[in-house]
Amino acid sequence: MKFTFLNLAAAGLVAAASGPPAGRPAGFKWKSTGPLIGPKDDERKTAGIKDPTVIEINGTYHVFASTARDQGNDSYSLVYINFTDFDKANEAPHHYLDQSGIGKGYRAAPEVFWHAPHKLWYLIFQNGNAAYSTNPKIDDPAGWTAPKNFYAAKPAIVTENIGAGYWVDMWVICDATHCHLFSSDDNGHLYRSETTLADFPAGMSDPVIDLEDANRYALFEAACVYRVGEGRYMLLIEAIGTDEKRYFRSWTSASIRGPWTALADSEENPFARANNVEFEGTPWTKSISHGEVIRVHTAEKPADQNLDIDTSKPLRFLYQGLDPEKDSGSYNALPWRLALLTQVTGA
Ligand SMILES: *[C@@H]1O[C@H](CO)[C@@H](O)[C@H](O)[C@H]1NC(C)=O
Ligand SMILES: *[C@@H]1O[C@H](CO)[C@@H](O)[C@H](O)[C@H]1NC(C)=O
Ligand SMILES: *[C@@H]1O[C@H](CO)[C@@H](O)[C@H](O)[C@H]1NC(C)=O
C-alpha cells in the first residue's frame, strides 16, 4: 500500500496522486503506544526520562534522552539506550553519559546526528550554554568527549528577549553550505545561528529570531527541523495549549533560514496533540511533549547532517508523555515516560 499523507501533499511536500477533498482540511493523524521507556529503579532516583532524540540505523534504534529528578543543579543528565524492538525498549540497559567525557552537571535535551565530513557523531545539548560532544561510534557510551560550548556566553539577543523564560533545546541541521543552530526561550522566540559547513562547529553567528509569537505558550520550546525533500524543510515546535497541555505545531519552508509557512499549526489542526492521536483504551497521557521524528538509515541511505525524513512513509514520533493524574507538583519531579506515535493515513 502506498501512503499519501494529504497535509504534506497539500503543502507540496510530497507528490500525491490525489489531493484532499475540496473544503476538507487534511490533517495529521496518529496512533500511540502506551509508555515504553521509563527510569530504572536505581540509586539515581530518576523521576522522568525526557527529551528524546532518536535515530534508527541498520534496524537498531539509538535513543539519547534527559534523566530528570528534583535535585537542584544536579537535576538533569543524559542517558543512552539502544534496542531493536520498541516492545522490549524498557528492558534495554541505561548507559548514563555522566560516566563519559560529558561528565556530571546540568546537561539536557540532546540531539544526535552524524556529521559525514567529520566522520563523527555529534550530541548537541543544553548546559546553560549550547554545547556539543563528539564520538566516532554511536553505540560506545564511554566515547563521548568533554562538552564544548557553541557561544562564548549567552547571546545578547536571547538576554534581551527571554523575559521569564529559559534558554533551551538546541538543534543543529546543515544544508550543502551551512550548519544552523536553533534554540528556544520558553518566551515565544525561535533563535537561529549559522556557520559554514567547513567551519562547523566553530564560528556560530550571533542568533537571529526566525519566528516569534506574543503568546509565549504558542511558541514554547523543543524545536526540531528536518529535510523532507530536496530543498524542503519541516519545522516542529512544542506549544502549551488552552487546556494547559503540551502539543506540537508544524511549518514548512524551502530554506532552513525560513520564512516558515504554517503546515498544521493550530489546536484544531495540530502536528501532534491529544485530539489527533488515537490511544488504545483510556489515553495514558494528555500531553504530547518534547519528541523527535525517527530518522531511518541503512547502508543504502547512510545518516548525515542533512537530517532527512521520508514523508512517503508513515512518520513515527517518539515523545514524552505523562499520566494526567500525576501532572502536578515540582516540574523536575514529574514522571515523564517515552511513547511512540505512528502516523496513520490522512482522513
Ligand atoms: C550545586 O549546588 C551545590 C549546593 O547549592 C553547590 O555546592 C555546588 O557548587 C553546585 N554545583 C554546581 C556545579 O553548580
Ligand atoms: C547497543 O549498546 C551496547 C552498549 O553500548 C553496545 O555494546 C552494542 O553494540 C549496541 N548495539 C548496537 C546494535 O549498536
Ligand atoms: C550500518 O551498516 C553499514 C553496512 O553494513 C555499515 O557500514 C555501518 O557502519 C552500519 N552503521 C552503524 C552505525 O552500525
Side-chain angles (χ1 to χ4, degrees), residues 33 35-44 46 48-68 76-104 107-125 131-147 171-174 179 197 200-201 224 226-227 291-310 312-313 315-318 320 337-340:
T33 65
L36 296 175
I37 301 175
K40 298 293 186 194
D41 183 11
D42 61 20
E43 73 289 348
R44 288 176 178 255
T46 302
I49 300 287
K50 305 188 56 180
D51 314 327
T53 182
V54 54
I55 190 163
E56 180 188 344
I57 304 163
N58 301 338
T60 296
Y61 298 99
H62 301 268
V63 173
F64 297 81
S66 310
T67 59
Y76 282 89
S77 189
L78 302 177
V79 65
Y80 166 68
I81 308 166
N82 71 22
F83 49 89
T84 53
D85 181 348
F86 270 100
D87 288 338
K88 300 204 172 96
N90 207 37
E91 294 164 23
H94 284 194
H95 299 279
Y96 298 112
L97 299 186
D98 60 5
Q99 305 301 302
S100 75
I102 288 174
K104 292 185 191 297
R107 289 106 173 76
E111 177 213 359
V112 71
F113 72 93
W114 175 250
H115 191 294
H118 292 176
K119 295 189 165 44
L120 284 175
W121 291 98
Y122 275 79
L123 203 58
I124 309 298
F125 49 91
Y132 65 91
S133 171
T134 65
N135 189 338
K137 291 171 77 177
I138 194 170
D139 61 352
D140 175 14
W144 294 99
T145 57
W171 179 271
V172 170
I173 177 173
C174 308
C179 293
L197 181 60
F200 180 85
C224 36
Y226 301 98
R227 186 166 73 171
E292 224 226 286
V293 176
I294 300 181
R295 288 166 272 151
V296 182
H297 295 285
T298 58
E300 291 73 41
K301 179 79 188 74
D304 65 26
Q305 66 281 356
N306 297 137
L307 311 190
D308 287 305
I309 55 175
D310 180 358
S312 72
K313 301 210 173 78
L315 298 181
R316 290 175 299 163
F317 189 71
L318 186 64
Q320 63 176 39
R337 301 289 181 267
L338 304 185
L340 185 67

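Just so it is clear, the model here is predicted, and its values are computed rather than measured. Indexing begins at 1, ligand by ligand and atom by atom, following the structure's order. Position 1 is the first residue of the sequence; numbering continues from there.
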How long is the span from the CD atom in E56 to the CD1 atom in I294, to the nearest 0.5 Å? 6.5 Å

Among protein heavy atoms, which lies nearest atom 2 (O) of ligand 2, and at what distance? N82 ND2, 2.3 Å

For ligand 3, which atoms sit closer than 4.0 Å to a heavy atom of I57? 11 (N), 12 (C), 13 (C)

Applying side chain to side chain contact (heavy atoms under 4.5 Å, CB included) between T46 and each of K50, R44, E43, report the one that passes. R44

Would you call K301-D308 a salt bridge at under 4.0 Å N-O? yes

Do any non-hydrogen protein atoms sit less than 4.0 Å from atom 11 (N) of ligand 3? yes

Quick check: H62 and ligand 2, any N/O pair under 3.5 Å apart? no

Minimum side-chain heavy-atom gap L97-F64 below 4.5 Å: yes

Which atoms of ligand 2 sit under 4.0 Å from any heavy atom of P141? 5 (O)

Walk me through it: do N135 and Y80 pass the test side-chain hydrogen bond (donor to acceptor under 3.5 Å, both in side chains)? CA-CA 13 Å; N135 189 338; Y80 166 68; over 6 Å; no

With a 4.0 Å cut-off, strictly under, does atom 5 (O) of ligand 3 pick up any protein heavy atom? no

Under 4.0 Å to a heavy atom of A299 - the qualifying atoms of ligand 3, by number: 3 (C), 4 (C)

If you round to the nearest 0.5 Å, how far is OH of Y76 from CG of D51? 7.0 Å

For ligand 2, note which part of D139 has a heavy atom under 4.0 Å away: side chain, backbone, both or neither. both

How long is the gap from NZ on K104 to CG on D98, to the nearest 0.5 Å? 4.0 Å

Among protein heavy atoms, which sits nearest to atom 13 (C) of ligand 2, and what does the distance come to when rounded to 0.1 Å? T60 OG1, 3.3 Å

Examine N58 against ligand 3 and note whether any of their N/O atoms are separated by less than 3.5 Å. yes

